Peer 1: 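My questions will all concern the structure given below.
Since this is a predicted model, take the numbers as computed values, not measurements. Here is how names work: the chains are called A, B, and so on, in the same order as the sequence lines, proteins then strands, and each is numbered from 1.
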Amino acid sequence: MPFIYALPGAVAEGLIWGLMGIGVYLSFKILDIADMTVDGSIVTGACICAVLLANGFPIWLSVVAAFIAGACAGFVAGLLHTAFGIPSILAGILTQLMLYSVNLSILGGKSLVAINPRTNNLLVHMSNNPRSIIVMGIFVAATIIMLWLFFYTEIGLTIKSTGDNPHMSRAQGVNVKLNQVLGLAISNGIVALAGAMLAQYKGSANINDGRGAIVIGLAAIFIGLSVSLRIKPNFVVSMIGVVGGGIVYYIVYNFVILLGLKTEFLKMLSAIIVAVFLAVPYLKKEHFTKQRNLRSNKTKIRIGGEKNA
Amino acid sequence: MLKITNLQKTFNPGTVNEKTALYGLDLHLKDGDFATVIGGNGAGKSTMLNAIAGVWKPDFGTIEIDGVDVTQMPEYRRAKFLGRVFQDPMQGTAPDMEIAENLAIAARRGTKRRFVWGVRKEERIRYRELLATLELGLEDRLSGKVGLLSGGQRQAVTLLMATLHRPKLLLLDEHTAALDPKTAAKVLEITDQIVHKNKLTTLMITHNMKEAIAHGNRLIMMHGGRIVVDVSGDEKKNLTIEQLLNLFTQASDGAVDDRMVLS
Ligand SMILES: Nc1ncnc2c1ncn2[C@@H]1O[C@H](COP(=O)(O)OP(=O)(O)OP(=O)(O)O)[C@@H](O)[C@H]1O
Ligand SMILES: [Mg+2]
């Protein structure tokens, strides 16, 4: 029965990572950029939130500041990519490394800053899972609704087209570089917001919390989309899928811990989950084309496979 | 409307792959000119269109559109003067977005994108009417993804996108070459309609000599990064394929291209 007791916590933490997954979805799925910045910006969000709270700032200010700091990180990564021509993967890795120093200095050189849930009026905390679930549910819903509306605006449409077909976008007068910077800023802002919620939930900001964060975000996306694309391939359903994917991920995670898997293997498990989800559509397609004897006519295989459907 | 002066472009300068694709090119298009462009493989036709569109900067020379020097203008800012359709049907549209969304993005070419609704209701009505004129049954698929359309349908939609916001210059780079003959003829017919209705200044690259003679009021032949033949008016109207082949052989020192002969 211990699994049942772990369930509310898994749902709460899953919702936080689902929010993070929404941020990753923006870069990975909409902009078509694998943005490694998020491993750093999620910690930046956590650090800013923890340190501001420790210095007596109100919770809302701390959370908003986390979002802005994350957006700045995305802005830097975007600038490295668009203005200086650095490949997007590398731009993300460089920004992530810069953020490690930034995060350390935010934490005043320490590797961990604790948040006291008794002296601070936290939005979420693991001592109160029902409240945490409700608050996170509201945050996630508000984020989805805002993004959903945003992608119907003139600017939002061109951000979608930037990722979908940059060639067409330029021909239609869209400033592709600006949109990539803007998109990465929004994406990392949301990721940092998730980081701020995570720090509150766990009661601390830890300099190492971001390691492999992008992998968890991708896992949430793949788990979620594997279901939601079968239901209805629209934005809101996909977003709900991603958040659901985060929850499923944390339920599995807790289950595996209870089964007695050594914690040092958890990152390995996360990476394998993502690798499998990336490999399956590719292998399916390879197999499919072989059957049809079309091997010479190689088509570009998009990750996830549904974009070219 | 278009004035190209002494335009030069060398790819990969200083390497073994050095290639001068445009060689002091001069071209002057009057308002309303519809020029077809022919020439062998590697003659520099696509390079000329890419230079006009601003895909990269030329080594020297200037490009003026309607009196504005656009030589140093980035591609996305020049787009407000231009409508473009590419050889590859995949290039001109965003496959994961709706037909209406693609059209709406194109309709706002050259305007500042704002924080307001991206596809308005009355726009949808207009798009439906315009799609109906294509006679491809697309008027009922406004909310369908462009990625689900056939190559010909996508080219027709791209053509509509290129001309929704009246361009000062329409650039067509073998936009029917990837289509089957029947679809190609249909897309070409739509092209003619749109160009004539809007009196668009147009550059159309083709490999088909018959097409090059049948369409437009002017015919340009390129070779080695230069314009080697430029005929217009009655002279162009009365041109035969045989004459054109002769002109081509003279201009290119006998190096006739197989693709050109195929009518
Ligand atoms: N981006 C590029 N980089 C290097 N070389 C290029 C590039 N674009 C064109 N070239 C070269 O410039 C020359 C002219 O090419 P271009 O594409 O303009 O020919 P074209 O007249 O359009 O021919 P085709 O009928 O085959 O389309 C070719 O030799 C080509 O290899
Ligand atoms: Mg060409």
Peer 1: How many angstroms lie between OH in B:Tyr76 and OG1 in A:Thr158, if you round to the nearest 0.5 Å?
Peer 2: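 Going from the OH atom of B:Tyr76 to the OG1 atom of A:Thr158 covers 12.0 Å.
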
Peer 1: Side chain, backbone, both or neither: which part of B:Met161 has an atom under 4.5 Å from a heavy atom of chain A?
Peer 2: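 Both backbone and side chain.
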
Peer 1: For the atom pair CZ (B:Phe115) and OG1 (A:Thr153), what is the distance rounded to the nearest 0.5 Å?
Peer 2: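 Nearest 0.5 Å value for the CZ-OG1 distance: 5.5 Å.
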
Peer 1: Looking at B:Gly92 and A:Asn165, what are the two nearest heavy atoms and their distance?
Peer 2: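 For B:Gly92 and A:Asn165, the tightest heavy-atom pair comes out as N-ND2, 4.3 Å.
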
Peer 1: Picking from B:Pro74, B:Ala79, B:Gly118, B:Ala162, which has the most non-hydrogen pairs under 4.5 angstrom with chain A?
Peer 2: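 Top option by heavy-atom pairs under 4.5 Å: B:Gly118.
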
Peer 1: If you count heavy atoms of other groups shown closer than 6.0 angstrom to CH2 of B:Trp56, is the number above 12?
Peer 2: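 Enclosed.
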
Peer 1: What's the shortest heavy-atom distance between A:Ser161 and B:Ile105, and which atoms?
Peer 2: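 What the structure gives for the nearest pair is CB-CD1, 3.6 Å.
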
Peer 1: How many angstroms lie between atom OG1 of B:Thr93 and atom NE2 of A:His167, to the nearest 0.5 angstrom?
Peer 2: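 These two atoms lie 12.0 Å from each other.
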
Peer 1: Would the number of heavy atoms belonging to other residues, nucleotides or ligands and lying under 6.0 Å from NZ of B:Lys57 be above 12?
Peer 2: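 Yes, NZ of B:Lys57 has more than 12 neighbouring heavy atoms, counting only those of other groups under 6.0 Å.
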
Peer 1: Is the backbone N or O of A:Ile30 less than 3.5 Å from a side-chain atom of B:Asp96, with the two atoms forming a donor-acceptor pair by type?
Peer 2: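 Checked: no pair found.
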
Peer 1: State, with a plain yes or no, whether a side-chain heavy atom of A:Val174 is found less than 4.5 Å away from one of B:Arg113.
Peer 2: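 Contact flag for A:Val174/B:Arg113 side chains = yes.
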
Peer 1: Sort B:Lys112 into side chain, backbone, both or neither according to what part of it lies under 4.5 angstrom from a heavy atom of chain A.
Peer 2: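 Backbone only.
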
Peer 1: Below 4.5 Å, heavy-atom pairs only: which of B:Arg108, B:Lys80, B:His165 has the largest tally toward chain A?
Peer 2: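 Answer, by heavy-atom pair count under 4.5 Å with chain A: B:Arg108.
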
Peer 1: Using a 4.5 Å cut-off on heavy atoms from C-beta on, say whether the side chain of B:Asn102 contacts that of A:Met168.
Peer 2: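 Yes - at least one pair of side-chain heavy atoms lies under 4.5 Å apart.
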
Peer 1: Answer with side chain, backbone, both or neither: which region of B:Arg114 has an atom nearer than 4.5 Å to a non-hydrogen atom of chain A?
Peer 2: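 Both backbone and side chain.
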
Peer 1: Tell me if the CZ atom of B:Arg166 is crowded by more than 12 foreign heavy atoms within 6.0 Å.
Peer 2: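 More than 12 within 6.0 Å, yes.
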
Peer 1: Rounded to the nearest 0.5 Å, how far does CZ of B:Arg120 lie from CD of A:Glu154?
Peer 2: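 Those atoms lie 7.5 Å apart.
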
Peer 1: Quick check: do B:Trp117 and A:Leu157 have side-chain heavy atoms less than 4.5 Å from each other?
Peer 2: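 Not in contact.
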
Peer 1: Looking at A:Phe67, I'd like to know if its CZ atom is crowded, meaning that more than 12 non-hydrogen atoms belonging to other residues, nucleotides or ligands lie closer than 6.0 Å.
Peer 2: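 More than 12 within 6.0 Å, yes.
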
Peer 1: Given heavy-atom pairs under 4.5 angstrom as the criterion, report whether the side chain, backbone, both or neither of B:Ala106 touches chain A.
Peer 2: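 Both backbone and side chain.
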
Peer 1: So for A:Pro233, is it side chain, backbone, both, or neither that comes closer than 4.5 Å to the heavy atoms of chain B?
Peer 2: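 Only the backbone of A:Pro233 comes within 4.5 Å of chain B.
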
Peer 1: Measure the CZ-CE distance between A:Phe151 and B:Met97 for me, rounded to the nearest 0.5 Å.
Peer 2: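 Interatomic distance, A:Phe151 CZ to B:Met97 CE, rounded to 0.5 Å: 9.5 Å.
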
